[in-house]
Amino acid sequence: LKPSSPGGGAPIVAMAASARELPSPGASDGQWRWYRSRNVVVYMIMNTVLLVIWSFSFGSTFDAYLLELARSKNLSDPNVFVGRLETVRGTVTLALALPLGWMADRFSRRRMLQGGSVLATFGVLMLALGIASDSINQIYVGTVIAEISMQVFSSAGTAFLTDIVPRSQLTEIMALQSTLYLIGYSMGPLAQVVMIIVIGDTWRLPILHVVLCSGFAIWPIVLALCFLLEKTPSELNGEMSQSLTSNADQAAGADVSPSGASAGHAEATPPPHDWRSDRVFGIRKKWFVPLMIEFCDLITAIGAGMTVKFFPLFFKEEYGFKPLAVNCLGASYTLCIAILVQVCCKVSKKCGRCQASFLWQVCGITGLFALWRAKPLELCVILHILRGSFMNATAPIDSSIVMDCVDSKHRGRWTAIQSVSRFSWSGSAVLGGLIADRHGYRYTFFITGIIYSIAAILYVPLLWLVPAQATEPPSDGGVGRGACDAAGGCETTPSGVSLQSTCAGTGDSTPGEQESQ
């Protein structure tokens, strides 16, 4: 704003100069670098460490621990117990998604992240005590508390990042976030591999106690980093809102052009056509397309919930995998996703975003049906890694399409909508466990393949509704542009945790395991 009266701009200049953040997301500044922004660096490290903890203490080894715990307690349906705990997490998510999404758009996202980290501390302590003592009740309570805090991270995290990064740099930051997600999520299984080599490659409960509780030991790092976050441009703007409002009114009066001809010329210039303004069944594409993507994601998540938690158990029970083999499988799985994400991006530049995503879905579904019938161990391992990598590699592409359509001011609430698929993923886990106990794991693969096929068929209209490549909205700086950018990387949304986050989207995924993997 230009000062319209003597001294009118001084307070604004003084307050702006005191801001420790670099240019706001709306600014275009070629000199901005993410590694010079304290908030970006702290958030990246914090999110990466959080994903290391998640993959370490809530990954495949945790699922196997729950199965062994259920057997030690002589529960009649151990796989149902594994699925039931996941359903509890999903129910918490469904109950809190919309309220927390609304809060993320109304209140300080930085404060929400800090409050969520304090709450998560109690959940981590309760879970550690529950695992160490094999207390099912404590594990349930700790899971509920931890899931509440993770939903806070999911609702506020993406919006916080977009508030501290200039629009012109957002694609690069999203690509970096995606890479750090994969690094963080692979570090947990790799660290467990080292521990298992030292303390023993067995499924005995005392060994699993040490492996799982060790991941919680680095939680204080996340807690400390949350309180190193500084005020964001939105918070600073809120503090100076009265001065800004006063000067804005004066500037508006001073900038009114007396030239009618000039105004008429401006009005005569038609705005560029935006595909998002076109209508499908009376609904603008800016709403229809993301809702269609999320609906397909919802259907996919229902099928994923029936199998995702049970893939490690399938290899453990049917092929006798030990903890070392399960963690090596998990690390290989994540690294293969990273490779196919990049390949999917390059393919999307040739044939289009939705076209590449659909092709990857078909490959993933085909691999799942093949896994249903395959018997040799080597073939099953290859099919499992490839089919999951194909399914999850579509998430950044679909996220970029959604970000093309959704206004940044609604991003917190949109994250809440995405959480609905998280609930369906968790809700169907009990059904998957029941089927596994009654008919075996392979039958759940077959049912899931049918559900995935339905979601792929519903995705087909998007091949014609969405342009092959991203375009910037005329009135926006292009927050959701390009599926691929930044050294060939894909634009993704920070998941969440996002954690539901980064890379979470269409695919058979969730927060800890990119199917939520």
>> Do L434 and N79 have side chains that approach each other closer than 4.5 Å (heavy atoms only, starting at C-beta)?
In response: no

>> Tell me whether F295 at atom CZ has more than 12 heavy atoms from other residues, nucleotides or ligands lying less than 6.0 Å away.
In response: no

> With a 4.5 Å limit on heavy-atom distance, are the side chains of L205 and E68 in contact?
Replying inline: yes

>> I need the minimum non-hydrogen distance between M112 and V152, along with the two atoms involved.
In response: O-CG1, 3.1 Å

> Between CE of M292 and CD of E294, what distance do you get to the nearest 0.5 Å?
Replying inline: 12.0 Å

> How about R442 and R373: do any of their side-chain heavy atoms sit closer than 4.5 Å?
Replying inline: no

>> Using a 3.5 Å distance criterion without hydrogens, assess whether the side chain of D297 forms a donor-acceptor pair with backbone atoms of I293.
In response: no

> Which word best sums up how the rings of F58 and F216 line up, parallel for under 30°, tilted for 30 to 60°, or perpendicular for over 60°?
Replying inline: perpendicular

> Out of L223, V222, L51, I221, which one pairs with M46 under the side chain to side chain contact (heavy atoms under 4.5 Å, CB included) rule?
Replying inline: V222

> Thinking salt bridges, do D201 and K322 make one under a 4.0 Å N-O criterion?
Replying inline: no

> So which of L212, V211, V82 actually passes side chain to side chain contact (heavy atoms under 4.5 Å, CB included) with Y65?
Replying inline: L212

> Checking T87 side chain against G83 main chain: does a donor-acceptor pair fall under 3.5 Å?
Replying inline: yes

>> On a heavy-atom basis, which atom in V326 and which in P312 lie closest, and how many Å separate them?
In response: CG1-CB, 4.2 Å

> Under 3.5 Å, is there a donor-acceptor pair between the side chain of T334 and the main chain of G330?
Replying inline: yes

> Would H384 and F314 count as a close aromatic pair, with their ring centres under 6.0 Å?
Replying inline: no

> Given the rule in the side-chain hydrogen bond (donor to acceptor under 3.5 Å, both in side chains) test, do S72 and D134 qualify, once you have shown the distances and angles that lead to the verdict?
Replying inline: CA-CA 9 Å; S72 71; D134 292 328; 5.7 Å; no

>> Which residue is it: I207, L208, I196? I am looking for the one with a side chain to side chain contact (heavy atoms under 4.5 Å, CB included) to T202.
In response: I207

>> Tell me if the CE atom of M187 is crowded by more than 12 foreign heavy atoms within 6.0 Å.
In response: no

> So do L368 and F446 actually touch side chain to side chain, heavy atoms under 4.5 Å?
Replying inline: no

> Are I337 and Y333 close enough that some pair of their side-chain heavy atoms sits under 4.5 Å apart?
Replying inline: yes

>> I'd like to check S357 versus Y459 (side-chain heavy atoms, cut-off strictly below 4.5 Å). Are they in contact?
In response: yes

>> Can you confirm whether W360 sits close enough to M391 that some side-chain heavy atom of one is under 4.5 Å from a side-chain heavy atom of the other?
In response: no

> Any side-chain heavy atom of L379 within less than 4.5 Å of one from K375?
Replying inline: no

> Do the ring planes of W372 and F369 sit parallel (below 30°), tilted (30 to 60°) or perpendicular (above 60°)?
Replying inline: perpendicular

>> Among Y452, F310, F311, which residue satisfies the ring-ring contact (aromatic ring centres under 6.0 Å, His included) criterion with F445?
In response: F311

